Amino acid sequence: MAERTNPKDWKSGVSPDWCPGCGDHGVLNSLQKACSGLGLAAKDVLVVSGIGCSSNLPGFFRSYGFHSLHGRAIPVATGAKLANPALNVIVTGGDGDGYGIGMGHFLHAARRNLDLTYIVMDNQVYGLTTGQASATTCMGVKTRSTPEGVIERPINPLLLALSAGATFVARAYSMEPNDMVEVFKAAISHKGFSLVDCFSPCVTWNKLNTYEWFKSRVAKLDGASHDRTDLAAAMRKALEEDPFPLGVLYERLDVPTYESLDPTLRKHGAVAGLPLGLSPEEQEELLESFL
Amino acid sequence: MAERTNPKDWKSGVSPDWCPGCGDHGVLNSLQKACSGLGLAAKDVLVVSGIGCSSNLPGFFRSYGFHSLHGRAIPVATGAKLANPALNVIVTGGDGDGYGIGMGHFLHAARRNLDLTYIVMDNQVYGLTTGQASATTCMGVKTRSTPEGVIERPINPLLLALSAGATFVARAYSMEPNDMVEVFKAAISHKGFSLVDCFSPCVTWNKLNTYEWFKSRVAKLDGASHDRTDLAAAMRKALEEDPFPLGVLYERLDVPTYESLDPTLRKHGAVAGLPLGLSPEEQEELLESFL
Amino acid sequence: MRVKDTLSLWVGGAAGDGIAAAGEALLKTFSRSGLHAYSYTSYQSVIRGGHVLLQMAAGSSKRLCVPDFPDLLVALNQDSLDREAKDASLGILYDKGRFTLPRQGLKPGCRDLGLPVSELAKEPLMQNSVAVGAAVRLAGLGFETLSALLQETFRGKSPEVREANLAAAKAGYDHAGKAFGSLGVRLPSGGPRRMVMSGNQAIALGALAAGCRFYSAYPMTPASSIMHWFAPRASRYGLVFKQAEDEIAAVNMAIGAAHAGARAMTATSGGGFALMSEAVGLAGMTETPLVIVEVQRGGPSTGLPTKTEQSDLFQVLGASQGDYPKAVLAPATVEEAFAFAALSFNIAEECQMPVLLVSDLNLSEHHETVGGLSLQVPITRGPYAAPGEDFRRYAVTDSGVSPRAVPGQKGLEFTACSDEHDERGDTISDVRCDPVQRTRMMDKRMRKLRTAAAMLPPTALEGPQDAELTLVCWGSTYPLLRHLMERLNEGGRERVNLLCLRSLWPFPWREVSDILYSSKKTLAVEGSAGAQLCRLIRQETGYYIPHRSLKYDGEPFYPGSTLAAIEAALGHG
Amino acid sequence: MRVKDTLSLWVGGAAGDGIAAAGEALLKTFSRSGLHAYSYTSYQSVIRGGHVLLQMAAGSSKRLCVPDFPDLLVALNQDSLDREAKDASLGILYDKGRFTLPRQGLKPGCRDLGLPVSELAKEPLMQNSVAVGAAVRLAGLGFETLSALLQETFRGKSPEVREANLAAAKAGYDHAGKAFGSLGVRLPSGGPRRMVMSGNQAIALGALAAGCRFYSAYPMTPASSIMHWFAPRASRYGLVFKQAEDEIAAVNMAIGAAHAGARAMTATSGGGFALMSEAVGLAGMTETPLVIVEVQRGGPSTGLPTKTEQSDLFQVLGASQGDYPKAVLAPATVEEAFAFAALSFNIAEECQMPVLLVSDLNLSEHHETVGGLSLQVPITRGPYAAPGEDFRRYAVTDSGVSPRAVPGQKGLEFTACSDEHDERGDTISDVRCDPVQRTRMMDKRMRKLRTAAAMLPPTALEGPQDAELTLVCWGSTYPLLRHLMERLNEGGRERVNLLCLRSLWPFPWREVSDILYSSKKTLAVEGSAGAQLCRLIRQETGYYIPHRSLKYDGEPFYPGSTLAAIEAALGHG
Ligand SMILES: Cc1ncc(C[n+]2csc(CCOP(=O)(O)OP(=O)(O)O)c2C)c(N)n1
Ligand SMILES: Cc1ncc(C[n+]2csc(CCOP(=O)(O)OP(=O)(O)O)c2C)c(N)n1
Ligand code: SF4
Ligand code: SF4
Ligand SMILES: [Mg+2]
Ligand SMILES: [Mg+2]
């Protein structure tokens with residue numbers, strides 16, 4: 001641990017090709033700072049993403065990575081974590097990827113409480129495919145797929161995560177990078193499934209939820225008055241929209257992680273590293289069982 | 001309307017092949033009674049299901065039906081309703097079908113508030129595939145896929161539906177058929193997305209959540225003390241487990257249905273019945289637009 | 001010097017440089033001047049910064065395709081000058097205040113057409129308008145058409161913006177006249193205005209003409225432009241458009257809508273189609289009419305999202321488990337994209353089966369001038385049951401097609417079922433299992449392939465019957481090969497003929513066998529590393545195509561290299 | 001009368017009547033008596049009430065298959081008597097207190113072996129134990145083996161239940177001896193105890209032997225029994241088993257686990273595979289080793305969930321968009337199911353590609369005696385990178401295979417990417433797009449097909465070289481055809497030989513061409529209405545198989561009708 005300390009060490013050789021001003025730049029920077037701040041080693045970090053502008057993140061981040069299919073980052077990450085629980089597995093992606101096509105995986109992961117850190121760059125639009133409505137686009141917004149305005153109510157990802165049993169739920173904003181770094185550090189340190197929904201404006205396709213728009217609509221959560229272990233309080237906070245609270249809404253520490261309960265992992269640890277092949281005793285007992 | 005009045009008229013020629021004692025018999029009977037009680041006409045009812053023991057229901061029910069793919073009943077129903085909003089579209093299925101593989105569709109349908117009635121026969125197990133754990137199987141339960149016990153916390157379908165924006169959320173129990181009929185009638189009458197989670201025990205594969213087990217664990221919701229228009233109260237009720245409240249937890253009437261907002265449906269009504277082919281003026285204006 | 005009456009023109013720059021807008025202005029100026037034009041854009045899926053190259057050709061004849069080299073290059077950034085200046089033959093337009101033309105490597109005779117943009121327009125961003133004006137002048141066209149077009153284009157903007165752009169275009173136009181004189185090009189304008197359309201627009205238009213009432217989709221390049229075309233027109237023309245939460249929902253929604261009686265369609269690209277594939281079998285089993293458009297892009301997996309390829313054929317043919325009837329059509333031109341889309345609905349409803357319309361990025365996303373489209377398309381819907389009969393939804397018939405019923409009709413209630421079922425639709429997969437009945441139902445469904453075969457577009461050889469070489473292709477490769485064939489056969493020579501496969505399933509094995517087994521030599525030109533078309537042909541006819549020009553680098557086939565491949569095949573013993 | 005040394009035996013009844021348990025008792029009594037045995041159950045996906053028929057054969061030689069008719073019928077309900085009594089040749093065991101044997105239509109000589117169950121056992125439910133005891137007696141076997149087996153079987157139950165069942169079996173055994181005498185059958189017991197295994201168990205066992213460390217799946221008949229076998233053994237043998245929320249999650253979890261370095265597998269049937277297909281391409285593109293088992297059932301769509309078929313071949317071959325390398329293997333016997341499963345992991349890791357192991361319900365769910373399995377299987381894992389090098393995860397090599405790295409290794413960090421990428425794994429689909437590089441990477445990946453081809457099971461003709469007729473098949477049809485071939489060639493005749501396809505992709509076109517083009521006549525025997533195997537063979541070799549026996553009624557091929565098809569083909573000019 002504590003091997004790398006410079007956030008620059010977490011930069012890959014490829015520089016981000018996001019639009020200038022895209023919120024995702026801030027998320028990437030914060031994640032690099034968080035990892036270096038926690039003293040993680042790149043070799044022990046696996047960043048898994050789906051497809052979308054935001055999902056390009058692993059390519060710009062120096063660690064192991066898997067830039068998978070649209071909507072499938074969570075299952076890929078789940079498999080990797082179950083094969084080697086020693087890895088710090090961070091999932092990054094967009095609102096379309098995670099809350100649209102990926103909704104089912106997201107909520108099943110939450111109930112499962114595997115120790116994954118899920119960072120969603122929520123720009124309330126499909127960026128990469130040039131501006132269609134997503135599951136978090138606000139009612140009435142005109143996009144390329146909703147020229148007469150969105151007529152479905154957006155989902156509340158924090159509330160859904162809480163309802164599904166996520167044990168860590170937070171919100172961050174890419175214009176508040178210092179807070180974002182702290183939230184990321186807490187999320188990565190949390191043992192269990194953590195969601196960080198990041199407001200990460202798309203400057204190209206989202207003309208409503210702009211930096212200007214957010215300015216008066218976000219406020220740091222008051223840690224003193226909010227009990228982050230209280231589910232009901234967290235749900236109330238999750239429902240607040242004016243302003244949107246930033247910070248850790250919920251953290252519950254008494255739910256064991258999935259991997260700590262899995263009988264195989266309890267007995268053998270990381271199976272990815274086990275030698276292959278059955279011992280002579282195992283062979284015999286298996287053959288015997290078919291007699 | 002009010003054409004059919006005898007529940008028997010809602011029986012198809014095929015008699016149910018569920019195990020004797022299966023809770024689904026009660027759900028089928030209640031649905032038949034509800035439809036006849038509401039005076040619906042079979043020709044105007046479309047029952048859509050996925051795959052599972054419970055999803056065999058449309059075959060035993062006399063109306064239009066679509067016994068579709070595992071987990072995909074909601075999208076099929078959505079398409080049918082959007083093509084012809086005059087239909088009463090009822091979706092039936094199991095916990096595996098709807099809360100497992102179908103989770104994403106379920107919650108997107110809830111936020112969309114299309115006028116669908118979703119009846120889930122929640123037996124907390126995969127019945128048809130001979131007894132694996134489902135998304136609602138309790139922690140610790142040994143099933144064929146979890147011989148050392150389930151280690152994922154079950155989802156709370158009511159809470160998730162509420163969090164996703166469902167405008168009608170209820171629970172029923174197949175041993176309380178009269179109440180179930182009333183709940184079904186209310187759900188079908190509700191304009192918007194309604195979920196009825198039905199405890200419908202699987203006598204063959206679920207040895208925990210038996211009729212015996214439920215006996216002391218369910219109680220009718222007290223309509224007087226519970227304000228079903230209050231989301232927070234509904235969420236509190238949804239979290240109660242000892243006993244599980246039966247009845248309508250939530251009903252919100254002020255959210256317009258999706259179909260009432262869709263620009264095409266507002267203008268044209270049921271598109272399924274429109275004559276095909278463009279008028280000469282339409283043809284001309286379209287061609288013109290490419291010049 | 002002979003005056004050129006065709007012009008090839010490239011516009012290069014970064015994504016976000018407004019290439020699409022400049023391209024559209026030029027394309028429409030040509031089409032409204034009565035010319036034919038064709039334009040293809042190599043673009044990227046990242047929004048800004050990726051290199052984009054629009055390649056256009058204009059002239060008086062329709063047989064146009066992506067040009068190998070530009071006569072005229074419009075370079076909107078330095079990168080474009082560095083990459084593409086060497087390819088231009090007549091001249092290069094660029095902002096000489098901001099960019100530098102490389103001195104070396106230019107083609108002999110290629111002229112430096114640097115524009116003093118800062119003098120001609122108010123801001124550097126208006127370089128596009130200046131350059132477009134200059135290009136129109138150099139093409140030998142008048143200013144009026146462009147002027148009218150820009151008025152329209154900037155209708156939504158403020159008068160200042162509109163006027164500034166118009167002025168910039170005029171300044172560019174005048175500057176080119178004064179400073180550059182003639183490039184020896186004069187496009188023969190003056191014909192009637194022509195329509196401009198992309199393949200995807202043609203598909204959407206064909207669907208609308210055929211009475212498509214329901215379109216559900218999930219965004220995916222290069223199918224999204226169908227959605228983008230439908231969305232703002234849906235309420236006007238009585239089509240419900242639903243953006244779904246994923247492709248699985250999209251296709252199942254379309255199935256639900258079709259079950260309810262609406263003509264229904266969905267579209268996607270390869271990855272989305274993979275997700276849809278289970279439901280294709282559902283439509284097959286429940287005999288639900290359904291049209292699915294699959295627009296291929298570079299694979300495998302996420303692959304090359306904004307590049308063209310033709311390698312999803314096996315995925316489409318193999319979609320879903322088990323044997324069930326379906327039809328697969330592949331248009332080769334924009335006009336066919338329109339016609340086949342409309343036809344697909346008739347096949348889907350007459351045969352009560354899924355119809356898969358397969359396109360590729362090149363065909364779907366390139367724009368060209370089209371003519372002769374009639375939106376009054378034939379509409380036939382297949383048999384409907386009359387209420388009052390002893391209704392069997394899946395009655396066994398000779399054609400395999402059974403009379404339909406639609407929810408809302410009294411006395412015809414039935415349940416569509418993905419399990420095997422009897423003539424009434426009651427499941428026979430379980431307790432009432434019956435192997436004889438099962439075989440009957442399978443045979444009934446499979447017989448519909450014969451019914452579908454009779455409705456498919458014809459398969460025929462084009463060009464001289466006894467040519468030395470038969471070219472084989474499908475999709476967007478066709479217009480190029482057709483063009484090259486005509487070139488190669490000029491002067492009455494019979495060097496090359498052409499077989500383009502438009503009906504892929506049920507496969508026209510008789511026609512294809514007749515053609516290939518009487519050919520002298522064959523060359524397949526297809527965009528797949530696995531030669532999927534060659535394999536399909538052999539599967540259904542036994543014929544092995546020995547010469548193959550396979551391309552899978554994301555770019556379309558270009559005339560030069562394709563011609564070389566043809567000449568090589570011609571040269572071979 | 002000659003003493004019969006083989007016995008065919010059916011057990012018929014309703015689902016829930018305990019047929020599986022009775023069948024297992026009989027099967028294991030035979031196998032532990034040193035006999036070979038084979039048993040197949042036709043069952044339904046509804047839990048109770050559906051008719052179930054277990055068909056078994058036992059004898060001293062391994063070449064056994066589903067029998068056409070039973071020597072002995074054990075009928076557990078009236079329905080079974082009504083349906084199957086007419087087929088029995090030697091006798092019919094049933095509870096004569098509760099059921100009535102139809103008097104008419106019995107085969108001549110078939111004996112009424114009605115059992116007075118109420119006298120022999122405490123409750124009617126114990127009819128199974130009584131009947132099993134009687135059947136063992138009639139097979140000419142001693143009681144000890146059955147007795148020991150029942151002790152084991154009822155180990156978990158109360159002593160009362162155990163004793164009651166044992167007593168019932170003994171009573172049935174004794175009653176048969178006293179009341180029925182001999183049926184003229186004496187199975188040659190006394191050899192060493194044999195193992196009994198289903199195809200799915202063999203696949204799971206092969207995976208375990210090969211060091212499979214991760215298995216994710218979603219329940220689906222007929223693949224679920226792999227899950228049911230793994231689940232209780234996972235922690236014992238160091239395998240993480242994860243039930244996923246759907247098949248898409250299942251396959252992507254396996255990919256994640258493989259990326260992390262574990263040998264990983266998933267299994268499903270056709271509908272689930274359709275959902276997985278997008279991810280098969282992901283594994284191809286990211287070069288992630290992955291084993292997927294696809295157990296076919298009756299299609300299309302939900303189809304016949306508990307019936308057998310072989311019609312998912314095209315779905316498997318066409319899985320996912322674009323061209324990418326994969327291997328497709330199809331075991332034909334239980335022993336091969338074991339061996340190919342183990343081999344699949346070596347191919348997957350050595351070639352860093354998805355390997356698809358295709359089975360069918362008949363092969364996967366039938367049980368038979370097996371011998372000679374060694375769990376000490378060869379394990380080879382392909383190249384790993386050494387830390388410290390200038391690491392290029394996707395280095396272009398001759399074999400197409402590049403050295404791997406696994407998260408946790410220092411200095412080898414890389415990102416696997418579903419977009420096209422360069423040798424380092426950095427994406428080149430967007431801004432850094434490069435057609436030349438792209439082609440190189442495609443060629444590199446596709447070269448792995450050659451590498452895989454060298455690892456596949458051999459393709460060879462069985463039986464006499466110059467037979468009159470060559471039978472062609474795959475999967476579960478093989479043991480039957482092998483058996484029929486031996487019968488037809490008895491006495492040194494050379495009527496029939498057999499080509500069973502076990503390696504389906506990369507296709508062994510050279511071997512198959514050599515065999516088929518030198519055959520005299522060919523007959524394909526396959527379980528697909530679309531003759532998918534015939535089509536694949538023609539696709540890759542051009543060879544058209546003119547005679548076809550296609551079956552798609554959900555039932556396996558039976559000896560009688562198959563023999564008739566062979567004779568017909570032999571008879572044809
Ligand atoms: C199966 C599949 N469907 C659709 C797509 C096309 N697609 C790529 S990214 C994307 C949405 C991206 O939205 P989001 O996840 O919010 O990311 P953003 O670009 O906004 O950061 C879609 C629909 C795909 N790649 N794969
Ligand atoms: C794509 C797909 N995956 C898996 C299956 C197998 N399958 C059929 S029913 C079922 C689960 C049924 O559980 P549930 O929905 O709870 O219904 P129940 O039988 O308990 O009423 C599964 C996994 C399938 N038919 N299709
Ligand atoms: S399109 Fe939007 S989300 Fe994508 S890089 Fe640009 S600003 Fe960011
Ligand atoms: S298995 Fe369970 S869910 Fe299925 S019919 Fe029987 S009791 Fe009902
Ligand atoms: Mg987004
Ligand atoms: Mg269930």
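Chain naming here is simple, since letters A, B, ... match the order of the sequence lines and numbering starts at 1 in each. Remember, predicted model here, so these are calculated numbers, not experimental data.
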*Is there a donor-acceptor pair under 3.5 Å between the side chain of R213(C) and the backbone N or O of P275(B)?*
yes
*Find the distance between OH (Y237(C)) and OG1 (T264(B)) and round it off to the nearest 0.5 Å.*
12.5 Å
*What option among G211(C), C417(C), S235(C), S216(C) has the most heavy-atom pairs under 4.5 Å with chain B?*
S235(C)
*Is R381(C) close to L276(B) at the side-chain level, that is, under 4.5 Å between some pair of heavy atoms?*
yes
*Point-to-point distance, once rounded to the nearest 0.5 Å, from OG of S68(B) to CE of M285(C)*: 13.5 Å
_What I'd like to find out is whether the side chain of L239(C) reaches to under 4.5 Å of the side chain of V271(B), using heavy atoms alone._
no
*Which value, rounded to the nearest 0.5 Å, describes the distance between K410(C) atom NZ and D44(B) atom CG?*
10.5 Å
*Parallel, tilted or perpendicular: which fits the ring planes of H259(C) and F66(B), with parallel below 30° and perpendicular above 60°?*
perpendicular
*Find the one option among V406(C), T288(C), V251(C) whose heavy-atom pairs under 4.5 Å with chain B are most numerous.*
V406(C)
*If you count heavy-atom pairs under 4.5 Å between each of P407(C), A257(C), S418(C) and chain B, which one has the most?*
P407(C)
*Any chance you could measure K81(B), atom NZ, to K242(C), atom NZ, to the nearest 0.5 Å?*
15.0 Å
_Stepwise side-chain contact (heavy atoms from CB on, under 4.5 Å) test for V370(C) and F290(B)_ = CA-CA 9 Å; V370(C) 297; F290(B) 287 99; over 6 Å; no
_Greater than 12 external heavy atoms within 6.0 Å of E282(B)'s CD_ = yes
*So which part of R266(B) gets closer than 4.5 Å to some heavy atom of chain C, the side chain, the backbone, both or neither?*
neither
*What part of L82(B) lies closer than 4.5 angstrom to a heavy atom of chain C: side chain, backbone, both or neither?*
both
*Does any heavy atom of chain C fall under 4.5 Å from the side chain of H268(B), the backbone, both, or neither of them?*
side chain
*Considering non-hydrogen atoms only, spot the tightest contact between Q376(C) and L278(B) and give its length.*
OE1-O, 4.3 Å
*Given that the side chain runs from C-beta out, which part of F214(C) has a heavy atom under 4.5 Å from chain B: side chain, backbone, both or neither?*
side chain
*Hey, which of G408(C), A262(C), A249(C), G261(C) has the most heavy atom pairs under 4.5 Å with chain B?*
G408(C)
*Could you tell me which portion of E284(B) (side chain, backbone, both or neither) has an atom closer than 4.5 angstrom to a non-hydrogen atom of chain C?*
neither
*asked:* Let's go through Y64(B) and L412(C) carefully: what are the C-alpha distance in whole Å and the side-chain angles of both, what is the deciding distance for side-chain contact (heavy atoms from CB on, under 4.5 Å) to 0.1 Å, and is it a yes or a no?
replied: CA-CA 8 Å; Y64(B) 283 94; L412(C) 298 177; 3.3 Å; yes
*For I74(B), is it the side chain, the backbone, both or neither that has a heavy atom under 4.5 Å from a heavy atom of chain C?*
neither
*Let me know if L87(B) has heavy atoms under 4.5 Å from chain C in its side chain, its backbone, both or neither.*
side chain
*What part of A250(C) is in contact with chain B, defined as an atom under 4.5 angstrom from a non-hydrogen atom: side chain, backbone, both or neither?*
neither
*Non-hydrogen atoms of chain B under 4.5 Å away: do they reach the side chain of R32(C), the backbone, both or neither?*
side chain
*asked:* Which one wins on heavy-atom pair count under 4.5 Å against chain B: A264(C), S31(C), A234(C)?
replied: A234(C)
*Kindly indicate, with the supporting measurements, whether the criterion side-chain contact (heavy atoms from CB on, under 4.5 Å) is fulfilled by I51(B) and D419(C).*
CA-CA 9 Å; I51(B) 297 293; D419(C) 281 83; 3.9 Å; yes
*Donor-acceptor under 3.5 Å (T415(C) side chain, G59(B) main chain)*: no
_Selection from G71(B), P280(B), A272(B) maximising heavy-atom pairs under 4.5 Å formed with chain C_ = A272(B)
*asked:* Less than 4.5 Å apart, side chain to side chain, heavy atoms only: is that true for H67(B) and H421(C)?
replied: no
_Under a 4.5 Å cutoff for heavy-atom pairs, which residue among G65(B), A73(B), P58(B), A83(B) has the most contacts with chain C?_
G65(B)
*So which of R62(B), K11(B), K43(B) actually passes salt bridge (charged side-chain N to carboxylate O under 4.0 Å, His left out) with E413(C)?*
R62(B)
*Which of the residues L282(C), T286(C), T427(C), L375(C) is involved in the greatest number of heavy-atom pairs with chain B at under 4.5 angstrom?*
L375(C)
*Side chain from CB out, backbone as N, CA, C, O: work out which of these in R263(C) comes under 4.5 Å of a heavy atom of chain B, or both, or neither.*
side chain
*Quick one: what part of H105(B) sits under 4.5 Å from any heavy atom of chain C, side chain, backbone, both or neither?*
both
